[in-house]
Amino acid sequence: MTTTLPDGSRVPAAVDIAAATPVEETMLPDDTARLRAAAAFVREHQSAATLLPLLLPGLHGPELRSLSAHCRFAHAGLLLFPPDPHDLRRQLADCGLDPDVPSHPSVVVRERLARRHGRDAAELNVRILRPHVHGPTGERRTVEVFALTVPAHSDLEPLAAYERVRGHEAHLAFELEHPDPLVLRGLCALLTRHGARPDGGGYNTHEDGTVLYFTTPAGTTCGYRRLELYAQGDHRDVLGTHLNESHSTHRHAETLLQLLTGAWTTQALAAFARLRLPEAMDTEVISTRELARRTGTHPESLGSLLRYLTMLDVVATGEEQQDAFRLTPLGRLLRADSHDTMRPLALMYAGPFYRSFAALDHTVRTGRPAFDHVFGENHFDHFAGDPALADMFDRSMAASARMFQPIPTHPVITAAARAGTPGTVVDVAGGNGELLGRILAAHPTLRGALLERPHAVEAARRSLDAMGCAARCDFLSGDFADVPHGGDVYVLSRVLHDWDDDRCGEILRHCARAMPVHADLLIVERLLPTDGSPSLATAWDLHMMCNVGGRERSAEHYARLLADAGLELLDRTPLPLDAHVLHARKAQVG
């Protein structure tokens with residue numbers, strides 16, 4: 001007699017499954033093979049008394065007898081990703097299982113997938129099917145199949161690839177014979193005492209059943225690394241305790257580990273961009289070896305990078321060709337020739353800013369920018385002294401230009417465009433002219449003036465010339481003290497967050513002195529939330545503090561700075577990428 005392992009292989013019954021490799025190392029990409037192996041496992045294995053010691057080494061004697069007396073081996077579970085319901089029925093039939101078994105929604109697995117992959121649970125239509133099989137002595141058991149339909153070319157393909165390899169939902173289940181809260185609590189305590197770690201669970205209203213998941217210890221001699229306790233009925237009081245233990249152990253550690261590896265993501269994206277892999281992939285499905293040939297990279301190492309980027313949805317695996325990948329819409333943003341490329345931003349965040357963030361503790365300890373500490377000079381002087389770096393910085397700023405899209409339609413801009421005499425928009429510290437160019441292109445009657453540092457003025461001139469707007473723009477070299485007088489609209493886009501409050505006050509006073517009574521001031525910045533809600537502004541607040549000694553601010557903070565400069569905040573309008581445009585004018589006197 002032989003025994004079937006979770007990877008579909010078979011070993012003599014004499015060695016049972018003691019030599020089985022953990023399931024996450026052996027899960028096959030072929031869903032049908034995985035399903036067939038699970039069905040064979042359920043058919044061939046004996047009782048809870050024989051399986052539990054394989055899951056929990058050291059469990060024996062009275063404790064094993066106590067566990068075995070209260071629960072029975074019920075099923076093996078796994079998660080499949082059929083392209084459509086018809087294919088799932090075919091898989092069931094091929095494995096000798098009933099293809100017409102009814103299904104119902106899975107609450108627990110759907111929520112686990114949503115948390116694990118940062119997806120909306122509503123888009124994950126996970127169904128449960130329980131085709132029946134018979135155990136070695138004819139006892140009635142099931143194979144618990146969780147099915148998430150993943151059509152070809154779906155954005156769920158990276159999720160499916162990740163789950164097939166990791167096998168997070170593969171488990172062995174034991175059902176309580178006579179559900180009782182006291183017994184359930186006692187069994188949970190017994191399992192944890194022998195090394196099982198709480199790993200989530202839930203109450204399924206569709207079947208009135210409570211599921212408690214555990215991860216088994218590393219020394220397990222069974223191919224499955226997860227265990228389920230199932231109790232008919234509503235046991236959410238026990239479940240609450242179990243979930244709290246899950247979060248306080250495994251979940252917190254897993255979350256922290258994911259956070260700690262964030263630096264790997266930054267460098268993986270930058271390496272992908274630096275090696276020009278997005279351009280070499282274009283829109284085709286390409287094998288790793290061919291991509292390595294095109295880019296002069298090491299095939300095996302390239303494969304490791306691409307597998308990691310698959311988890312990030314930057315690339316996706318080919319549907320039919322093994323070890324092949326295609327570029328996703330997210331990955332296309334790293335192509336140098338993309339009109340909305342974010343490649344320069346990736347290179348900046350993995351380059352100079354990556355190095356400065358390594359000294360963040362210096363900023364927190366001293367209050368001074370880590371960038372200055374690492375590079376020996378401030379951010380602006382360092383970039384100004386390196387033309388290539390300055391150009392990359394200007395282009396990285398343009399990578400976030402999608403936040404500018406609504407600004408040309410702002411009422412202040414449209415009013416200036418419709419005035420009897422041509423209005424002038426003054427862009428103070430306007431960078432490479434991306435925003436001013438958009439405004440002038442949208443309103444042919446407007447004129448522009450761009451004030452920037454000398455090295456940046458020429459880049460702005462080239463940019464506006466390419467947009468066909470340079471003839472209607474004056475390019476001025478200087479500092480904030482040189483803000484030109486007589487404009488109709490003044491713009492400060494992502495400028496104030498570079499500076500502390502004192503310097504911001506000076507900049508605003510320079511603008512106020514230059515502004516005629518009728519002029520408007522538009523300020524583009526991210527606003528810190530006042531209720532503690534998640535925001536990109538909170539992340540950029542840390543970035544500005546570390547690199548330039550600046551900060552992000554709340555709307556109320558900006559209102560105070562404006563008032564001190566003789567200006568009044570009138571309103572604010574949300575923009576893409578978590579930004580806002582603040583509208584201010586000179587305060588009315590008397």
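We number each residue from 1, following the sequence as shown.
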request  = Show the numbers, then the answer: is there a side-chain hydrogen bond (donor to acceptor under 3.5 Å, both in side chains) between Ser356 and Asn547?
outcome  = CA-CA 7 Å; Ser356 60; Asn547 287 291; 2.4 Å; yes
Please report the interatomic distance [atom1]([X]) to [atom2]([Y]), rounded to the nearest 0.5 Å.
{"X": "Arg553", "Y": "Ile523", "atom1": "CZ", "atom2": "CD1", "value": "10.0 Å"}
{"X": "Asp381", "Y": "His379", "atom1": "CG", "atom2": "NE2", "value": "10.5 Å"}
{"X": "Asp199", "Y": "His242", "atom1": "CG", "atom2": "NE2", "value": "7.0 Å"}
{"X": "Leu309", "Y": "Leu269", "atom1": "CG", "atom2": "CG", "value": "6.0 Å"}
{"X": "Phe357", "Y": "Tyr349", "atom1": "CZ", "atom2": "OH", "value": "9.0 Å"}
{"X": "Thr328", "Y": "Arg326", "atom1": "OG1", "atom2": "CZ", "value": "7.5 Å"}

request  = Could you go through the salt bridge (Lys or Arg N to Asp or Glu O under 4.0 Å) check for Glu458 and Arg462 one step at a time?
outcome  = CA-CA 6 Å; Glu458 287 309 310; Arg462 290 192 298 272; 5.1 Å; no
Without swapping roles, check the side chain of [X] against the backbone of [Y] for a donor-acceptor pair under 3.5 Å.
{"X": "Arg343", "Y": "Ala336", "result": "no"}
{"X": "Glu525", "Y": "His497", "result": "yes"}
{"X": "Thr295", "Y": "Leu277", "result": "no"}
{"X": "Arg453", "Y": "Ala429", "result": "no"}
{"X": "Thr261", "Y": "Leu257", "result": "yes"}
{"X": "Thr288", "Y": "Ala324", "result": "no"}
{"X": "Ser338", "Y": "Arg335", "result": "no"}
{"X": "Asp482", "Y": "Asp479", "result": "yes"}
{"X": "Thr366", "Y": "His362", "result": "yes"}
{"X": "Gln267", "Y": "Ala350", "result": "yes"}

inquiry  = Looking at Arg368, I'd like to know if its CZ atom is crowded, meaning that more than 12 non-hydrogen atoms belonging to other residues, nucleotides or ligands lie closer than 6.0 Å.
reply    = no
query = Is atom CZ of Arg503 surrounded by more than 12 heavy atoms (other residues, nucleotides or ligands) closer than 6.0 Å?
reply = yes
Within a strict 4.5 Å, meaning less than it, do heavy atoms of the [X] and [Y] side chains meet?
{"X": "Glu163", "Y": "Leu113", "answer": "yes"}
{"X": "Asp323", "Y": "Leu306", "answer": "no"}
{"X": "Arg197", "Y": "Thr192", "answer": "no"}
{"X": "Leu124", "Y": "Val109", "answer": "no"}
{"X": "Ser287", "Y": "Phe325", "answer": "no"}
{"X": "Leu333", "Y": "Thr341", "answer": "no"}
{"X": "His171", "Y": "Tyr224", "answer": "no"}
{"X": "Pro406", "Y": "Pro576", "answer": "yes"}

side-chain contact (heavy atoms from CB on, under 4.5 Å) between Phe475 and Leu464, worked out = CA-CA 10 Å; Phe475 298 91; Leu464 268 75; 4.1 Å; yes
State, to 0.1 Å, how close [X] and [Y] come at their nearest heavy-atom pair, and which atoms those are.
{"X": "Ala292", "Y": "Leu302", "answer": "N-CD2, 3.6 Å"}
{"X": "Ala470", "Y": "Arg461", "answer": "CB-O, 4.2 Å"}
{"X": "Ala121", "Y": "Arg110", "answer": "O-CD, 3.3 Å"}
{"X": "Pro484", "Y": "Leu476", "answer": "CG-CD1, 3.7 Å"}
{"X": "Pro369", "Y": "Thr363", "answer": "C-OG1, 3.6 Å"}
{"X": "Tyr490", "Y": "Ala514", "answer": "OH-O, 3.1 Å"}

Less than 6.0 angstrom separating the ring centers of [X] and [Y], yes or no?
{"X": "His117", "Y": "Tyr162", "result": "yes"}
{"X": "Phe480", "Y": "His510", "result": "no"}
{"X": "Phe380", "Y": "Trp499", "result": "yes"}

task = With side-chain contact (heavy atoms from CB on, under 4.5 Å) as the test, would you mind laying out the steps for Cys504 and Leu561 before giving the verdict?
result = CA-CA 7 Å; Cys504 279; Leu561 292 175; 4.1 Å; yes
ask   = For Glu300 and Arg289, what are the C-alpha separation, side-chain angles and deciding distance, and is it a salt bridge (Lys or Arg N to Asp or Glu O under 4.0 Å)?
value = CA-CA 8 Å; Glu300 288 74 18; Arg289 190 157 297 278; 3.7 Å; yes
ask   = In terms of side-chain geometry, is the basic nitrogen of Glu279 or Arg276 positioned less than 4.0 Å from the acidic oxygen of its partner?
value = yes
ask   = Does NZ or CZ of Arg226 lie under 6.0 Å from the centre of the six-membered ring of Tyr213, at an angle within 45° of the ring axis?
value = yes
query = Within 45 degrees of the axis of the six-membered ring of Tyr558 and under 6.0 Å from its centre: does Arg572 put its NZ or CZ there?
reply = no
request  = Would you please classify the geometry between the Phe353 ring and the His543 ring as parallel, tilted or perpendicular, with 30° and 60° separating the classes?
outcome  = perpendicular
key: side chain to side chain contact (heavy atoms under 4.5 Å, CB included) partner of Glu552, chosen from Leu536, Leu528, Leu496   = Leu528
request  = Apply side-chain contact (heavy atoms from CB on, under 4.5 Å) to Glu556 and Thr530, showing your working.
outcome  = CA-CA 9 Å; Glu556 293 76 10; Thr530 56; 3.7 Å; yes
message = Determine whether Asp337 and Arg332 satisfy the following criterion, salt bridge (Lys or Arg N to Asp or Glu O under 4.0 Å), listing intermediate values before the conclusion.
response = CA-CA 9 Å; Asp337 56 0; Arg332 281 196 283 275; over 6 Å; no
query = Does a donor on one side chain and an acceptor on the other come within less than 3.5 Å for Ser535 and Asp578?
reply = yes
All side-chain hydrogen bond (donor to acceptor under 3.5 Å, both in side chains) counterparts of Thr409, not counting sequence neighbours = none
query = Should Arg116 and Glu169 be marked as a salt bridge (Lys or Arg N to Asp or Glu O under 4.0 Å) after you check the CA-CA gap, both sets of side-chain angles, and the distance that decides it?
reply = CA-CA 12 Å; Arg116 198 149 58 232; Glu169 300 306 326; 2.8 Å; yes
task = With side-chain hydrogen bond (donor to acceptor under 3.5 Å, both in side chains) as the test, would you mind laying out the steps for Ser304 and Arg307 before giving the verdict?
result = CA-CA 5 Å; Ser304 295; Arg307 285 191 294 275; 3.3 Å; yes
inquiry  = Please evaluate residues Val428 and Leu450 with respect to the criterion side-chain contact (heavy atoms from CB on, under 4.5 Å), reporting the C-alpha separation (whole Å), side-chain torsions for both, the decisive distance (0.1 Å), and the verdict.
reply    = CA-CA 6 Å; Val428 180; Leu450 185 139; over 6 Å; no
